[in-house]
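Scroll down for the structure; my scribbles are underneath it.
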There are 2 protein chains.
Amino acid sequence: MTEDLPFNPYAADCPSRGLVDRIGDKWTILIIGVLSEGPARYRDLADQVGGISPKMLSQTLKALERDGLIVRQAFAEVPPRVQYELTEAGRTLQPLLLGLETWAREHMPGVLVSRERYDGAA
Amino acid sequence: MTEDLPFNPYAADCPSRGLVDRIGDKWTILIIGVLSEGPARYRDLADQVGGISPKMLSQTLKALERDGLIVRQAFAEVPPRVQYELTEAGRTLQPLLLGLETWAREHMPGVLVSRERYDGAA
DNA sequence: CCGTATCCTTTTTGATACTG
DNA sequence: CAGTATCAAAAAGGATACGG
């Protein structure tokens, strides 16, 4: 054993933490946001998220697929067509992310005020 | 104007996104988790979070204070004593973070299975 | 069209020694 | 005790050119 403390749910190495880090990721949140409105193609995602590089897009999509939160469906056509879609598990994230977004919008003004006061009191 | 699209709530430069990134931060979540149980001193936080460097701890605390999510109270004693505590605004984060944690715990098993399958299908 | 490979820059983080 | 300063290390991110 490394520690003899009872149990610390806030430890940095708590297994669930990895998952939270993943879905809390900037691009991940945005991508899931877009997919919440329905299936989308690679290009759609690139356009709607905006500012994401192809590298980060495919990287993030791959991670989400690996975790079973989205599915990738490639059609054998020319030109190629690939569609991404939330899985059932992925859809369970919607209320959470919506809650986060709502919180952010509600508290944005107060936070801004607090920052000004803090910075002003230099 | 840079774009003539109607409005894209999933754009990377959405103002609220900055806030979400902040509270989604690894150390931030852990610190708020500890403070959810009540006020704590610098040392308490360092111990309970575990693995955090003094630099990251004070840096994160400062950011949270700046945003008005925690308050710092220093007592003029020797040895010095400083106490951190969630503000009312900070406490509104609790249900959100709890929701995240619950989600992570619930979906961890499924995610793990999905990862194995994905990696195995190399 | 859907990505991958590469290279390079920027940010973030960690370790540690030291101060009020 | 509660931090700050400093330096090095690592990771993340972006741009872009190219392949299937």
Side-chain angles (χ1 to χ4, degrees), chain A residues 10-14 17-31 34-35 39-66 70-85 118 121-122, chain B residues 2 10-14 17-31 34-35 39-66 70-85 118-119 121-122:
Chain A
Y10 305 115
D13 58 354
C14 167
R17 283 309 334 273
L19 251 192
V20 172
D21 285 346
R22 289 284 324 281
I23 65 173
D25 173 73
K26 173 184 177 180
W27 297 124
T28 299
I29 290 185
L30 295 174
I31 288 172
V34 173
L35 291 179
R41 305 174 56 166
Y42 184 89
R43 171 62 42 144
D44 298 333
L45 289 165
D47 291 344
Q48 292 202 57
V49 166
I52 190 171
S53 69
K55 177 184 169 183
M56 288 313 295
L57 181 52
S58 71
Q59 187 174 303
T60 307
L61 288 171
K62 225 172 250 175
L64 283 170
E65 190 194 358
R66 186 170 103 103
I70 67 175
V71 274
R72 175 185 186 276
Q73 189 177 6
F75 299 91
E77 308 170 357
V78 304
R81 190 170 118 243
V82 178
Q83 176 173 283
Y84 293 92
E85 188 173 8
Y118 186 95
Chain B
T2 55
Y10 305 114
D13 58 353
C14 168
R17 283 307 335 272
L19 251 191
V20 173
D21 285 347
R22 290 283 325 281
I23 66 173
D25 174 73
K26 173 182 176 181
W27 297 125
T28 298
I29 290 185
L30 295 175
I31 288 172
V34 173
L35 290 180
R41 305 174 58 165
Y42 184 89
R43 170 63 41 145
D44 298 333
L45 289 165
D47 291 344
Q48 293 202 56
V49 167
I52 189 171
S53 68
K55 176 184 169 183
M56 289 310 296
L57 180 52
S58 71
Q59 187 174 304
T60 306
L61 288 171
K62 228 173 247 175
L64 283 170
E65 190 194 357
R66 186 171 103 104
I70 67 174
V71 275
R72 174 185 186 276
Q73 190 178 5
F75 298 91
E77 308 171 356
V78 304
R81 190 170 118 242
V82 178
Q83 176 174 282
Y84 293 93
E85 187 172 9
Y118 187 95
D119 294 343

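Here is the naming used below: chain letters follow the sequence lines, and residue numbers restart at 1 for every chain.
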Atom pair distance, as rounded to whole Å: [atom1] in [X] and [atom2] in [N]:
X      : N       : atom1 : atom2 : value
R43(A) : dC2(C)  : CZ    : C1'   : 9 Å
Q83(A) : dC2(C)  : CD    : P     : 11 Å
F75(B) : dG3(D)  : CZ    : C1'   : 17 Å
D25(B) : dT11(C) : CG    : C1'   : 13 Å
D21(B) : dA12(D) : CG    : P     : 15 Å
I52(B) : dT12(C) : CD1   : C1'   : 13 Å
L45(B) : dC1(D)  : CG    : P     : 14 Å

Enter the distance from [X]:[atom1] to [Y]:[atom2] here, rounded to the nearest 0.5 Å.
X      : Y      : atom1 : atom2 : result
R72(A) : L64(A) : CZ    : CG    : 13.5 Å
R66(B) : R22(B) : CZ    : CZ    : 7.5 Å
L61(B) : L45(B) : CG    : CG    : 6.0 Å
L57(A) : L30(A) : CG    : CG    : 11.0 Å
T60(B) : K62(B) : OG1   : NZ    : 11.0 Å

For a quick test of reading the model: is some side-chain N or O of [X] closer than 4.0 Å to OP1 or OP2 of [N]?
X      : N      : result
R41(A) : dC2(C) : yes
Y84(B) : dG3(D) : yes
R72(B) : dA2(D) : no

### Message
Heavy atoms within less than 4.0 Å of DNA chain C: which residues of residues 53-66 of chain A have one? Give them sorted by number.
### Response
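The stretch gives P54(A), K55(A), S58(A), K62(A) as the residues lying under 4.0 Å from the strand, ordered by number.
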
### Query
Only one of V34(B), I29(B), L35(B) forms a side-chain contact (heavy atoms from CB on, under 4.5 Å) with I31(B), so which one is it?
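Of the listed residues V34(B), I29(B), L35(B), the side-chain contact (heavy atoms from CB on, under 4.5 Å) partner of I31(B) is L35(B).
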
#### Entry: Nearest-neighbour nucleotide for the P80(B) side chain, dG14(C), dC2(C), dG20(C) considered
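Selected nucleotide: dG20(C).
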
### Message
Checking contacts here: which listed nucleotide (dG14(D), dG3(C), dA2(D)) is nearest the side-chain heavy atoms of W27(A)?
### Response
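Among dG14(D), dG3(C), dA2(D), the one nearest the side chain of W27(A) is dG14(D).
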
### Task
Please test V20(A) against R17(A) for side chain to side chain contact (heavy atoms under 4.5 Å, CB included), starting from the C-alpha separation and ending with a verdict.
CA-CA 5 Å; V20(A) 172; R17(A) 283 309 334 273; 4.1 Å; yes

